[in-house]
Structures are given as structure tokens and as C-alpha cells.
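To keep things clear, I will list the structure first and then write my remarks on it.
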There are 2 protein chains.
Amino acid sequence: MEKKRIINKITEAGLKKTKYRVNILYLLEKANTLLSAQDIHELLIKNKIKVNLSTVYRTLDKLTENDIINKVELEQEKQSLYEYNRDEHHHFIICKNCNKIETIYNCPLHDYEEQVMKESGFQITGHKIEFYGYCKECQTLMNVSSF
Amino acid sequence: MEKKRIINKITEAGLKKTKYRVNILYLLEKANTLLSAQDIHELLIKNKIKVNLSTVYRTLDKLTENDIINKVELEQEKQSLYEYNRDEHHHFIICKNCNKIETIYNCPLHDYEEQVMKESGFQITGHKIEFYGYCKECQTLMNVSSF
DNA sequence: CTCAATGCAAACCGTTTGCATGCTC
DNA sequence: GAGCATGCAAACGGTTTGCATTGAG
């Protein structure tokens with residue numbers, strides 16, 4: 001029973017177990033991609049789970065506050081996106097043509113942070129990287145369309 | 001006459017030289033920091049230059065499209081910020097306590113981009129890094145306040 | 001003179017909030 | 001039963017847009 005783990009995540013954080021928290025977290029865990037509040041809202045409705053959009057937002061806030069999910073804000077996306085937190089440091093690469101988002105698990109910044117700390121005097125607690133470019137498919141398409 | 005250079009920037013891009021374009025670009029060049037559309041609007045009004053906020057937005061859009069200024073969207077800022085484009089690759093480090101933003105000119109990613117290109121197949125055209133942490137002053141304050 | 005720039009007011013859209021009601025612990 | 005979660009409708013705030021007017025080339 002996979003929902004058990006989901007429910008544990010919620011109760012262990014000291015949160016009340018409610019229908020929407022369980023379903024939304026389950027959805028994000030299963031989806032295994034970035035989803036917006038609206039995406040989640042639509043998916044729930046499609047699955048006959050009637051819920052208000054503001055409840056979705058409040059649920060996502062609570063789950064984010066408790067580090068159960070991550071809120072991801074990308075430059076070209078107006079909407080905030082959310083992902084299940086699997087405790088793996090990662091970044092994103094975004095295709096400027098088709099907007100596909102891929103995940104990069106390899107991070108070059110650990111050494112560099114030391115250096116930035118020394119130079120800036122900041123105590124660094126985190127960072128964010130986004131790469132932009134064109135994915136393989138779009139590179140091909142662009143070559144074809146301008147032959 | 002320093003405004004000459006500003007005007008050149010505008011006309012060289014093929015843009016009409018207008019009162020607001022000149023003043024807004026001049027402002028950004030002189031300010032030498034990140035400013036929001038609202039900041040710019042207020043600064044103009046204070047300097048007796050009556051302008052509509054939507055004109056400020058349209059002007060900033062045009063200048064951004066023409067790479068004369070940069071539009072900067074930081075995670076914790078709701079507003080977009082703008083800076084004069086001095087053609088120096090850089091990133092930002094943001095204090096999570098006081099929100100001070102400092103600039104980092106040193107960039108560790110050039111080598112790494114190669115690697116990401118090979119692994120992802122993306123043709124990378126750019127990247128963005130934000131660092132988060134606490135600036136010197138805030139580190140001191142936090143030590144004092146929890147002595 | 002022509003077309004782009006501007007002012008103004010209204011729309012947009014993702015997100016938040018206040019309040020009454022419902023549900024978990 | 002107490003207090004947090006939810007639904008609903010309205011507000012919020014940065015940004016965009018449609019349209020009439022002005023101004024640059």
C-alpha cells in the first residue's frame with residue numbers, strides 16, 4: 001500500500017491528515033514531474049475529487065513549508081511549479097523553444113560556493129541554477145525548418 | 001555630455017529617440033543597480049517627469065528586446081527588475097534576511113556547460129544562478145539577537 | 001504625413017484573504 | 001469540543017492591452 005508512506009509524511013510533519021493533502025501529495029509523488037497548482041486542480045477534478053483552487057494553494061503552501069514538496073519558480077513560467085521532494089539536489093534545464101524541462105542531478109557548485117563565501121562574506125545556504133538552450137528535438141526541427 | 005551615449009544606444013538599435021526612453025535608460029545607467037518598473041516610475045515623477053506606468057513597462061520591454069538593458073527575475077521578488085546592460089556576465093547573491101542583492105562577476109559554469117551539453121544533448125545558450133544566504137551584517141545581527 | 005509612442009482605464013491572471021462552515025484529532 | 005481545514009467570493013498586485021491622441025522621423 002503506497003498511500004501509507006504518503007500519509008506518514010503528512011502526519012510525521014505534525015499535519016492533519018486530510019483528503020486533499022493525501023491526494024495532492026500522492027499525485028505529486030506519482031507524477032514525478034513539475035506541476036502547477038492549476039495542473040493539480042485539474043487532475044483532481046478529472047479524478048472526481050472536487051476541490052477548490054484556493055485549497056490546492058493552501059495545501060501546497062503547507063506541504064512546501066514542511067519540506068515535503070518543493071516550490072520551483074522558473075524564469076519563463078508565470079506559475080509556480082511543485083515537485084515531490086526526494087531529497088536529491090538538482091537543477092533544471094529549460095528548452096527555449098518547446099519549454100521542455102529536464103532535470104540535472106550533477107551540480108558543479110559545491111566547490112564554488114566556498115569561494116563565493118570567502119569573496120562575498122555571505123554565509124551561503126543555497127543556490128539555484130537554470131540552464132537555457134534547445135533540446136535535441138528542437139535543434140533538429142530548427143535545422144529542418146531553415147534548410 | 002553623457003546623455004549622448006545613451007541616445008546613441010537608442011538610435012543605433014533603430015528605436016525612436018523619445019523623452020521617456022532617454023530618461024529611463026539614463027536613469028538605469030546612472031543608478032547602476034537593479035530597479036523595478038515602479039522604482040523607475042517613482043524616480044521619474046520625483047524628477048518632475050510625468051509618465052504613465054504602462055509607458056514605463058513598454059519602454060523597459062523595448063529596451064530589453066534590444067539588449068540595451070537586462071530584465072532580471074529573482075525568485076523572492078514579485079517584481080521584475082531591470083539593469084543597464086554592461087555586457088559583463090554576472091550572477092546575484094541575495095540575503096535571505098535583509099534581501100540585499102550583491103553581484104558576482106566570477107562565474108564557475110563555463111566549463112560545466114560543456115559537460116551538461118554532452119549529457120543532456122541540449123544546445124545551451126545561457127544560464128542563471130542565484131545564491132541565497134546571509135550577508136555579513138545580518139550574520140552579526142543574528143548572533144547578537146540570540147546571544 | 002505616417003506610423004510608432006503615449007495616456008488612460010480596464011482587463012488579466014496567478015495568487016491570497018476574510019469569513020462562514022466542516023472536519024480531524 | 002477546540003481549532004485547523006475548506007469553499008466561496010472578493011480582493012490583490014504586477015503587468016498587459018485596446019483605443020484614442022500625440023509626437024518623432
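Scope of the values below: all heavy atoms of this structure, side chains included, with no hydrogens, waters or symmetry mates. Residue numbers begin at 1 in each chain, while the letters A, B, ... track the order of the sequences.
- A close approach under 4.0 Å does occur between a side-chain nitrogen or oxygen of Q38(A) and OP1 or OP2 of dG14(C).
- Taking side-chain N and O atoms only, Y20(B) has a distance below 4.0 Å to OP1 or OP2 of dG7(C).
- The interatomic distance linking D61(A) (CG) with dG14(C) (P) rounds to 16 Å, in whole Å.
- Judged purely by atom type and a 3.5 angstrom limit, E12(B) has no side-chain atom pairing as donor or acceptor with the backbone of I7(B).
- For S54(B) and dT6(C), the shortest distance from a side-chain N or O to OP1 or OP2 is not below 4.0 Å.
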Side-chain donor-acceptor distances from residues 38-45 of chain A under 3.5 Å, at least two apart:
unit_1, atom_1, unit_2, atom_2, d
D39(A), OD1, S36(A), OG, 3.3
D39(A), OD2, S36(A), N, 2.9
D39(A), OD2, S36(A), OG, 3.1
H41(A), NE2, V51(A), O, 2.9

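- Between T59(A) and dA5(D) there is no side-chain polar atom (N or O) within less than 4.0 angstrom of OP1 or OP2.
- DNA chain C is contacted by both S80(A) and K62(B); K62(B) maps to the nucleotide lying nearer its 5′ end (nearest heavy atom per residue).
- Side-chain rings of H89(A) and H127(A) approach one another, their centers coming within less than 6.0 Å.
- Proximity of T55(B) to the phosphate of dG7(C): a side-chain N or O atom is located under 4.0 Å from OP1 or OP2.
- Rounded to a whole Å, the NZ atom of K71(A) is 14 Å from the P atom of dG14(C).
- E29(B) pairs in a side-chain contact (heavy atoms from CB on, under 4.5 Å) with only one of the listed residues (E83(B), R86(B), K9(B)), which is R86(B).
- Base contact: R58(A) has a heavy atom under 4.0 Å from a base atom.
- Between the NZ atom of K16(B) and the C1' atom of dT2(C) there is a distance of 8 Å, given to the nearest Å.
- The phosphate of dG14(D) (OP1 or OP2) has no side-chain N or O of S36(B) nearer than 4.0 angstrom.
- Here K17(B) lies in heavy-atom contact (under 4.0 Å) with sugar-phosphate atoms only.
- Contact annotation: Y57(B) reaches the phosphate of dT15(D) (side-chain N/O to OP1 or OP2, under 4.0 Å).
- For the OP1/OP2 pair of dC8(D) and a distance below 4.0 Å, the side-chain nitrogens and oxygens of N52(A) include at least one atom meeting the criterion.
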